[in-house]
Structures are given as C-alpha cells and as structure tokens.
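Report on the following structure.
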Amino acid sequence: MKIHSLHRWDVTPKEAISIQKDLARHINTSVGLKISPKLIAGADISLSQSRGPAYAGVVVLDANTLEVVAEYTQRGEIDFPYVPGLLSFREAPLLLKAFEQIDPPPDLIMLDGQGIAHPRGLGLASHLGLFLDCPTVGCAKSRLIGDHREPGTKKGSHAPLKGKNGETLGSALRTREGCKPIFVSAGHKIDLASALEWVLRVSPRYRIPEPTRLAHNLVNRVRKEDQGLRATSR
DNA sequence: GCGACAG
DNA sequence: ATCTTGTCGC
C-alpha cells in the first residue's frame, strides 16, 4: 500500500515530541466514524534481547471468517531506543516497510500499542494511521496514560479510560473472562465505539485479538527461523 | 524532586 | 519487548 512520508524518522527524542504534537492535530476519531472492513490487518515486531535484526510482520484476515488471507514480513535494524511515549519512532519505520508490500490494502489495521490514549494524542496506531491514510485501532496490553475503573467480569465488558480533564481516551476492554482487560483506543479514521466493536468481534477466544495475536506469532516464528539459518551459516 | 511509564 | 521452568487457577 501507498506510504505517505510526513517527516523523517532519524530524529532525536526532542524532535520526535515536537512532531507528535504537530501530527496529532490531523487525527480524526470523531464520533460517527464507522467502518465496515472486509480485510483486517494486525501487525507486530519481534526483537531479540541481544543485538541483532528486528522482524516486522503483518497478517491480513478476512473480517468475516477470520481466515488468514496473507502474511508479510520485513527484516531490518532498529536504532531508536524504547522510550515510553515514543514507541512509534522505534517501531513504525520497519512496520511501514512491511505495509509497503501489502496489496490489496486492508480496511482496518490493529496495532500492539496505543491509539490516541497517549500523552500527546499520537500513539503508534494513530501515527501509522496517518502514514497509511487508513483506519487504525490501538490494542495495548497495558496502560500508558489515563484512569479507569475495573471493567465487568463478563467478556465484552468495558470501562472508559479517562484523561486528566475527564476526556475519554479509550476503554479497558475485557476480551476474555478471567483475564486482565486490554486497552483499546481509536487510532485514526474510526471512532471509539466502532473500534471496540471490531476488536471484540475479532477476539473469539483469546485475550489478544486475532490480528495482533497472529502477527505476534508470525514475527516470533520468523525470527527464530532466520536466527537459526544465520547461526548455521556461520 | 518523585512516581509513572505502550513495547 | 525478551529470557525462561515450573506452577497455580478457571
């Protein structure tokens, strides 16, 4: 799919923060932004503790059957450090190279991280939504900012994630009974209600939604295979 | 200054 | 996130 180049990626953390503030103004998650995706993609990255290449992967699913339609992977180096709030500057460059190969483009993308539930309103999902000009949703396994009450015990129960001024940033969603909730927030071109609806719809069995869960499995599998090959060739 | 802190 | 074995609970 087509990648928009809105800025360079080799920036300092200070420049990154400035870029986020600027880009956040272009995010659209207005109530009423509903979608009916036919293809839903999930993406993730896998890195090894020791130094070595990173692996990005995207899995495209049929929105109705949840069958895997396509898989894409991309190997590359990551230099930007992990800094809470600046995750996209670490993961987005490689993820975008993987998305570049995708054809046809998906109608919705789910990411492992936050959407607008971010200090400057531009988490990984929102940032990628702008570069890909595609609806995105953030499905984080833990909270970055905001407060929330414990959602109900039943699958599908959710509690609003609220910011300092009382704004609703996202939701803590119970995708499976007996498990901790995940944090869903709109990324771009979709509203929170619709984001919640689709995340729940692609989470038939596990805590992690199928798109990102399968993408996670894919990149870990590919990393181990590639590391094995590289080890035997040396 | 202190605590919090996606992956 | 990654590493890593067994173990506790629904």
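Proteins get letters first, then strands, A, B, ... in listed order; numbering begins at 1 in each. The model shown is predicted, which means the values in this text are computed figures rather than measured ones.
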Taking all atoms of both residues into account, what is the closest heavy-atom pair of [X] and [Y], and its distance?
| X | Y | value |
| --- | --- | --- |
| A:Leu161 | A:Ala117 | CD2-CB, 3.9 Å |
| A:Leu23 | A:Leu130 | O-CD1, 3.6 Å |
| A:Ser126 | A:Gly115 | OG-C, 3.0 Å |
| A:Val219 | A:His216 | CG2-O, 3.2 Å |
| A:Ser36 | A:Trp198 | CA-CZ2, 4.2 Å |
| A:Arg149 | A:His158 | NH2-O, 3.8 Å |

Given that both pair distances must be under 3.5 Å and the pair must be Watson-Crick or G-U, what runs of three or more consecutive pairs involve DNA chain C?
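DNA chain C forms no stems at all.
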
Classify [X] by what it touches in the nucleic acid, base, sugar-phosphate, or nothing, heavy-atom distance under 4.0 Å.
| X | value |
| --- | --- |
| A:Leu47 | sugar-phosphate |
| A:Gly138 | nothing |
| A:His127 | nothing |
| A:Arg223 | sugar-phosphate |

For C:dC3 and A:Ser48 - does any side-chain N or O of the residue sit under 4.0 Å from the phosphate oxygens OP1/OP2?
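No, A:Ser48 has no side-chain N/O under 4.0 Å of OP1/OP2 on C:dC3.
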
Would you say A:Asn220 places a side-chain N or O within less than 4.0 Å of OP1 or OP2 belonging to C:dT2?
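Checking C:dT2 against A:Asn220, a side-chain N or O does come within under 4.0 Å of OP1 or OP2.
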
How close or far is atom P of C:dT2 from atom CZ of A:Arg90, stated in whole angstroms?
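Rounded to the whole Å, the gap is 10 Å.
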
Between C1' of C:dA1 and CG of A:Leu86, the distance in whole Å:
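Spelled out: CG on A:Leu86 to C1' on C:dA1 is 16 Å.
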
Decide, yes or no, whether a salt bridge links A:Glu210 with A:Arg201 under the criterion of side-chain N to carboxylate O below 4.0 Å.
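Result for this pair is no, no salt bridge flagged.
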
Hey, are A:Asp133 and A:Lys189 close enough for a salt bridge, meaning a charged N less than 4.0 Å from a carboxylate O?
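A:Lys189 and A:Asp133: salt-bridged.
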
Would you grab the first and last nucleotide of DNA chain B (5' to 3') that comes under 4.0 Å of any non-hydrogen atom in chain A?
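Answer, 5' to 3': B:dA4 to B:dG7.
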
To the closest 0.5 Å, what do you measure between CG (A:Leu128) and CG (A:Leu111)?
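It is 5.0 Å, given to the nearest 0.5 Å.
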
Yes or no on side-chain contact (heavy atoms from CB on, under 4.5 Å) for A:Leu218 and A:Tyr55, after CA distance, side-chain angles and deciding distance?
CA-CA 9 Å; A:Leu218 171 65; A:Tyr55 299 78; over 6 Å; no

Worked check of side-chain contact (heavy atoms from CB on, under 4.5 Å) between A:Val31 and A:Leu192:
CA-CA 7 Å; A:Val31 172; A:Leu192 177 59; over 6 Å; no

For nucleotides 5-10 of chain C, 5' to 3', base contacts (B), sugar-phosphate-only contacts (S) and non-contacts (-) with protein non-hydrogen atoms under 4.0 Å give ------

